[in-house]
Amino acid sequence: MCEDDHGHEYGRDHGHDHRQERTGIGRRAVFVTGAAAALTLGSVSFASAAPREQRTRTVRGTLAPGSPDFVYVPVEVPRGVREIHVAYTYDRPAVPAGTQGNALDIGLFDERGTELGGRGFRGWSGGARTEFSVRADAATPGYVPGPVRPGTWHIALGPYTVAPQGLSYEITVTLTYGEQDEAPRPVYPPERAAGRGRAWYRGDCHLHSEYSDGRYTLAEIAELARAAGLDFINSSEHNTHSAHAHWAGLAGDDLLILLGEEVTTRNGHVVALGTEPGTFVDWRYRARDNRFGRFARQIRRAGGLVVPAHPHATCIGCNWKFGFGEADAVEVWNGAYTPDDEVALADWDGMLVASVRDGGRDWIPAMGSSDSHRSPDVIGRPQTVVLADDLTREAIQDGIRAGRSYVAESSQLSLSFTASGGRGEHAGIGERLRVADDTPVTVRLEVTGAPRCTVRLVTDQGVLFTGDPLPVSGEGVVEWRTTASYAAYVRAEIRHETAAGPVPGALAAFTNPVFLGR
């Protein structure tokens with residue numbers, strides 16, 4: 001399923017009109033910093049206090065329609081603070097049909113600042129929580145534990161949508177004074193599991209837990225992943241890496257846990273797949289800011305893959321607007337198969353056709369993931385099945401990057417898809433069969449676990465073969481003959497009967513292409 005970040009509806013561009021006051025301290029100054037889409041207010045100050053004492057300040061304000069993307073509330077933290085606790089509320093007035101209501105996200109940056117790149121990042125919960133705490137030894141899910149050092153911290157507000165009446169909010173900051181406990185040393189899951197050597201491995205690379213806007217615990221995700229027959233998963237919380245240090249005890253010889261993030265911008269979402277532990281990727285930019293390339297390169301430097309997610313999703317802010325020049329793969333199928341997935345599949349096929357102009361050397365593989373958040377979301381529906389040399393982070397990424405993969409709705413469905421020439425030439429999914437243009441080529445598909453489904457073979461010329469429905473057993477073999485001059489590539493789709501699923505002829509599985517020709 002494609003879900004709005006933290007359950008919100010996403011908004012339009014924002015300007016600068018902002019009004020705010022704080023209880024007991026008077027009206028605060030307002031000034032703009034950096035890009036036009038950010039606003040910083042005057043600071044909230046706290047005096048020193050004795051150990052175990054608490055001090056509280058409350059801030060109230062109103063955001064008008066056209067407010068900036070991010071509003072920062074500075075908090076002056078003195079020495080001797082043990083814990084920072086933040087709670088907030090905002091009004092949700094009734095709005096006319098077709099008009100966006102209020103949606104206000106929240107996060108925290110420490111004394112190292114709010115500069116793009118996230119050096120001071122300490123957590124983000126979007127709209128999933130009304131309060132959070134940070135201290136040296138612990139933090140609310142979504143937030144990163146660590147020392148509470150003196151200096152100017154910032155509460156980050158993200159007004160995704162503002163109703164015509166405006167958005168009135170109240171923030172309560174409580175500091176607890178005292179000696180800090182020792183910060184824990186993070187422990188991360190291993191980058192290797194007990195694989196089967198070169199084999200097909202099943203994974204779900206887009207999942208959410210209570211560490212962002214999901215309801216699953218990490219333990220529940222691991223249990224459900226194993227039940228779904230998965231070999232690997234990827235941690236992909238919205239705009240935070242805070243779950244990374246909590247997965248270690250849930251990995252095992254039978255489950256490889258990769259670490260990443262769903263970078264949730266105002267112009268689309270991208271999954272950072274399999275980054276180094278503790279990697280945070282910033283999201284505070286739009287396509288017009290020309291900054292995405294910087295963070296795509298950061299993902300790759302951290303050993304990850306750049307995977308635009310649900311590129312044609314209809315939720316506000318979900319549609320992908322950064323282009324695909326930086327993509328290592330693209331998530332074509334997201335959750336239950338819906339019309340926007342059908343559009344994404346067609347758009348991806350168009351990119352394959354375009355890649356034929358340079359001989360298919362620069363093509364983008366497709367993936368599928370569940371984007372599960374909570375029950376009844378099904379983890380592993382769909383799943384990406386990858387041919388990898390072993391069950392390791394690097395081997396799985398190599399298989400995905402090379403397009404040696406197919407997408408299936410469950411572990412019940414398996415397939416084999418190959419092309420062969422007359423002299424023993426052979427190629428599988430994501431590979432090239434190097435034959436002369438007029439050499440006869442046999443394309444062979446073997447399917448299990450797809451009862452009453454129909455096989456289609458798709459090429460750069462369109463759908464050139466549609467088979468009869470498979471038997472109730474779900475097993476079948478299809479062979480089709482062509483040449484490289486007739487089909488520059490061939491890929492397979494296995495579809496349900498027309499009446500099944502939310503989309504007529506919804507996908508049960510599809511493959512990345514086999515390219516034909518020299």
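Quantities reported herein were computed from a predicted structural model and do not represent experimental measurements.
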More than 12 heavy atoms from other groups under 6.0 Å of CD on E220: yes

Test: R291 and D282 ion pair at under 4.0 Å: no

Where do V378 and S370 come nearest, in terms of heavy atoms and distance? O-CB, 3.4 Å

Please check: side-chain N/O of Q397 versus main-chain N/O of G303, any donor-acceptor pairing under 3.5 Å? yes

May I have the step-by-step check of salt bridge (charged side-chain N to carboxylate O under 4.0 Å, His left out) for R55 and E53, ending in yes or no? CA-CA 7 Å; R55 294 287 185 268; E53 286 194 47; 2.9 Å; yes

Pairing residues for D91 by the side chain to side chain contact (heavy atoms under 4.5 Å, CB included) criterion, not counting sequence neighbours: P93, N102, L167, S168

Cationic tip of R202 within the cone over F232's six-membered ring, i.e. under 6.0 Å and within 45° of the normal? no

Does NZ or CZ of R294 come closer than 6.0 Å to the centre of the six-membered ring of F292, within 45° of the ring's axis? no

Tell me if a side-chain donor or acceptor on Y88 pairs with a main-chain N or O of V173 at a distance below 3.5 Å. no

So, are E276 and R301 salt-bridged, with charged N and O less than 4.0 Å apart? no

Would L63 and L104 satisfy side-chain contact (heavy atoms from CB on, under 4.5 Å), going step by step from the backbone distance to the final call? CA-CA 10 Å; L63 290 161; L104 183 64; 4.0 Å; yes

Looking at side-chain heavy atoms only, is the closest gap between M367 and L273 below 4.5 Å? yes

Hey, are H312 and D347 close enough side-chain-wise for a donor-acceptor pair under 3.5 Å? yes

Which heavy atom in V162 sits nearest to a heavy atom in P65, and how many Å separate them? CG1-N, 3.6 Å

Counting C-beta onward and ignoring hydrogens, is there a side-chain heavy-atom pair between E210 and R215 closer than 4.5 Å? no

Sorted by chain and number, sequence neighbours left out, side-chain hydrogen bond (donor to acceptor under 3.5 Å, both in side chains) with E237 holds for S209, S212

Check the angle between the aromatic planes of F280 and F121 and answer parallel, tilted or perpendicular using the 30° and 60° thresholds. parallel

N-O pairing of E83 and R52 below 4.0 Å: no

For a quick test of reading the model, state the closest non-hydrogen atom pair linking L175 to P78 and the distance between them. CD1-CD, 3.9 Å

How many angstroms lie between atom CG of L224 and atom CD1 of I379, to the nearest 0.5 angstrom? 4.5 Å

Please identify each residue that fulfils side-chain hydrogen bond (donor to acceptor under 3.5 Å, both in side chains) with T174, with sequence neighbours left out. T56

Quick check with a 6.0 Å cut-off and a 45 degree axis cone: is R266 positioned over the face of Y160's six-membered ring? yes

Examine distances only and state if a side-chain atom of T265 and a backbone atom of G268 form a donor-acceptor pair shorter than 3.5 Å. yes

State which residues pass side-chain hydrogen bond (donor to acceptor under 3.5 Å, both in side chains) with T176; sequence neighbours excluded, sorted by chain then number. Q54

Apply the test salt bridge (charged side-chain N to carboxylate O under 4.0 Å, His left out) to residues E409 and R381: give CA-CA distance (whole Å), side-chain angles for both, the deciding distance (0.1 Å), then the verdict. CA-CA 5 Å; E409 63 181 359; R381 178 175 296 174; 5.5 Å; no

Are any non-hydrogen side-chain atoms of I84 and S133 less than 4.5 angstrom apart? no

Near E394 CD, under 6.0 Å, is it more than 12 heavy atoms from other residues, nucleotides or ligands? no

Are I299 and T275 close enough that some pair of their side-chain heavy atoms sits under 4.5 Å apart? yes

Would you say the side chain of Y337 lies within less than 4.5 Å of the side chain of E342, judging by non-hydrogen atoms? yes

Give the intermediate values and the outcome of salt bridge (charged side-chain N to carboxylate O under 4.0 Å, His left out) for residues R286 and D69. CA-CA 10 Å; R286 292 178 180 252; D69 285 352; 2.8 Å; yes

Using the rule given for salt bridge (charged side-chain N to carboxylate O under 4.0 Å, His left out), can you reason through E179 versus R79, listing the C-alpha separation, both sets of side-chain angles and the distance that settles it, and then say yes or no? CA-CA 10 Å; E179 184 176 350; R79 295 186 182 279; over 6 Å; no

E262 and A309 have their tightest heavy-atom pair at OE2-CB, 4.3 Å

Let me check something: any side-chain donor-acceptor pairs from residues 241-250 under 3.5 Å, sequence neighbours excluded? List them with distances.
residue: S242; atom: OG; partner: G142; partner atom: N; Å: 3.1
residue: S242; atom: OG; partner: T240; partner atom: OG1; Å: 3.2
residue: H244; atom: ND1; partner: G278; partner atom: N; Å: 3.0
residue: H244; atom: NE2; partner: G260; partner atom: N; Å: 3.4
residue: H244; atom: NE2; partner: G260; partner atom: O; Å: 2.8
residue: H246; atom: ND1; partner: Y211; partner atom: OH; Å: 3.4
residue: W247; atom: NE1; partner: S235; partner atom: OG; Å: 3.0

Looking at side-chain heavy atoms only, is the closest gap between P308 and F322 below 4.5 Å? no

Contact list for residues 148-158, test salt bridge (charged side-chain N to carboxylate O under 4.0 Å, His left out), sequence neighbours left out: D110-R149, E111-R149

Aromatic ring pairing W283/F70, orientation class (parallel under 30°, perpendicular over 60°, tilted between): perpendicular

Is any side-chain heavy atom of L157 less than 4.5 Å from a side-chain heavy atom of V73? yes

Looking at CD of Q180 and CZ of R82, how far apart are the two atoms once the value is rounded to the nearest 0.5 Å? 8.0 Å

Would you compute the distance between atom CG of L116 and atom OH of Y285 and round it to the nearest 0.5 angstrom? 7.5 Å

Could you pull out the closest heavy-atom pair between V332 and A366, with the gap in Å? CG2-CB, 3.6 Å

Are the aromatic rings of W153 and Y72 close, with centres under 6.0 Å apart? no

Flag, side chain of T161 to backbone of Q100, donor-acceptor distance under 3.5 Å: no

Mind checking whether T152 and H154 have side chains closer than 4.5 Å, heavy atoms only? yes

Indicate the atoms forming the closest heavy-atom contact of I257 with P189, along with that distance. O-CG, 3.7 Å

